[in-house]
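Input: a single structure, listed below in structure tokens.
The chains referred to below are lettered A, B, ... by the order of the sequence lines, with proteins before strands, and numbering in each begins at 1.
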Amino acid sequence: MNWKTKLKAKGLSNFEVKVLLATARIPKGETRTYSQIARAIRKPKSSRAVGNALAKNPFAPQIPCHRVIKSNGDIGNYSANGGRKTKMMLLKKEGALRNG
DNA sequence: CAACACAAAGTAG
DNA sequence: CTACTTTGTGTTG
């Protein structure tokens, strides 16, 4: 997928593009923390800005922004339809979230 | 300056 | 561990 072009076509900034690119690299059934994404793009202190980029994610269900959680194991938030609920649902369906 | 989908460190019990 | 406070970061208004 040429996200880099699609994202930029959306008017996203270089930072947000990198974040989404790193997020699109997350394998199914696994999860990453905002901090890890921040590290992946060489901005380990921008864990907060990382969330902002995911919030702007124009390809919500396509880019696994739902596979991104907080470092303390918490789900975090979700801008797409459903919110946190859908986030958990997707993680459960993929097996990333083991409630039991 | 203010607001946000966070993280790390310090203080207190 | 749990709860609260402070500082850092990047985009947008």
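Distance from the side chain of A/Asn77 is smallest for B/dC6 among the nucleotides C/dT12, C/dT9, B/dC6. Comparing atom distances between the A/Asn72 side chain and each of B/dA5, B/dA7, C/dG8 picks out B/dA7 as nearest. Closest approach to the A/Lys70 side chain among B/dA5, B/dA7, C/dG8 is made by B/dA7 (side chain taken as heavy atoms from C-beta onward). Which of B/dA5, B/dA7, C/dT11 sits closest to the side chain of A/Ser13 comes down to C/dT11. With distances taken from any side-chain atom of A/Arg48 to the nucleotides C/dG8, B/dA8, B/dA5, the minimum falls on C/dG8. Nearest to the side chain of A/Ala55, among C/dT11, B/dA7, B/dA5, sits B/dA5.
If you take CD1 of A/Ile41 and C1' of B/dC6, they are 13 Å apart, rounded to a whole angstrom. Atom pair A/Arg39:CZ and B/dC6:C1' shows a separation of 13 Å (rounding to whole Å applied). One can place CD of A/Gln36 at 20 Å from P of C/dT9, the figure rounded to the nearest angstrom. To the nearest angstrom, C1' of C/dT11 lies 13 Å from CG of A/Leu20. Going from atom CD of A/Glu16 over to atom P of C/dT9 covers 18 Å, rounded to whole Å. For A/Leu91 and B/dA5, the CG to C1' distance is 13 Å, given to the nearest whole Å. Separating the OH atom of A/Tyr34 from the P atom of B/dA8 is a distance of 14 Å, rounded to the nearest angstrom.
The residue A/Phe15 sits close only to the backbone: its heavy atoms come under 4.0 Å of sugar-phosphate atoms, none of a base.
B/dC4 is paired with C/dG10 under the criterion used here, namely a Watson-Crick or G-U wobble arrangement in which both key atom distances are under 3.5 Å. The base-pairing partner of B/dA12, taking Watson-Crick or G-U wobble contacts with both distances under 3.5 Å, is C/dT2.
Among all heavy-atom pairs drawn from A/Arg67 and A/Glu94, the shortest one is NE-OE1, 2.8 Å. Considering all non-hydrogen atoms of both residues, A/Trp3 and A/Leu21 come closest at CB-CD2, 3.7 Å.
With values rounded to the nearest 0.5 angstrom, A/Ile37 atom CD1 is found 4.0 Å from A/Ile26 atom CD1. The distance from the OG atom of A/Ser47 to the NZ atom of A/Lys70 is 10.5 Å, given to the nearest 0.5 Å.
At least one side-chain nitrogen or oxygen of A/Ser71 sits closer than 4.0 Å to the OP1 or OP2 atom of B/dA8. An OP1 or OP2 oxygen of C/dG8 is reached within less than 4.0 angstrom by no side-chain nitrogen or oxygen of A/Lys43.
Hydrophobic cluster membership differs between A/Tyr78 and A/Val68, with clusters built from Ile, Leu, Val, Met, Phe, Trp and Tyr side chains linked at under 4.5 angstrom.
Between A/Lys45 and A/Lys56, the residue whose closest nucleotide on DNA chain C is further toward the 5' end is A/Lys45.
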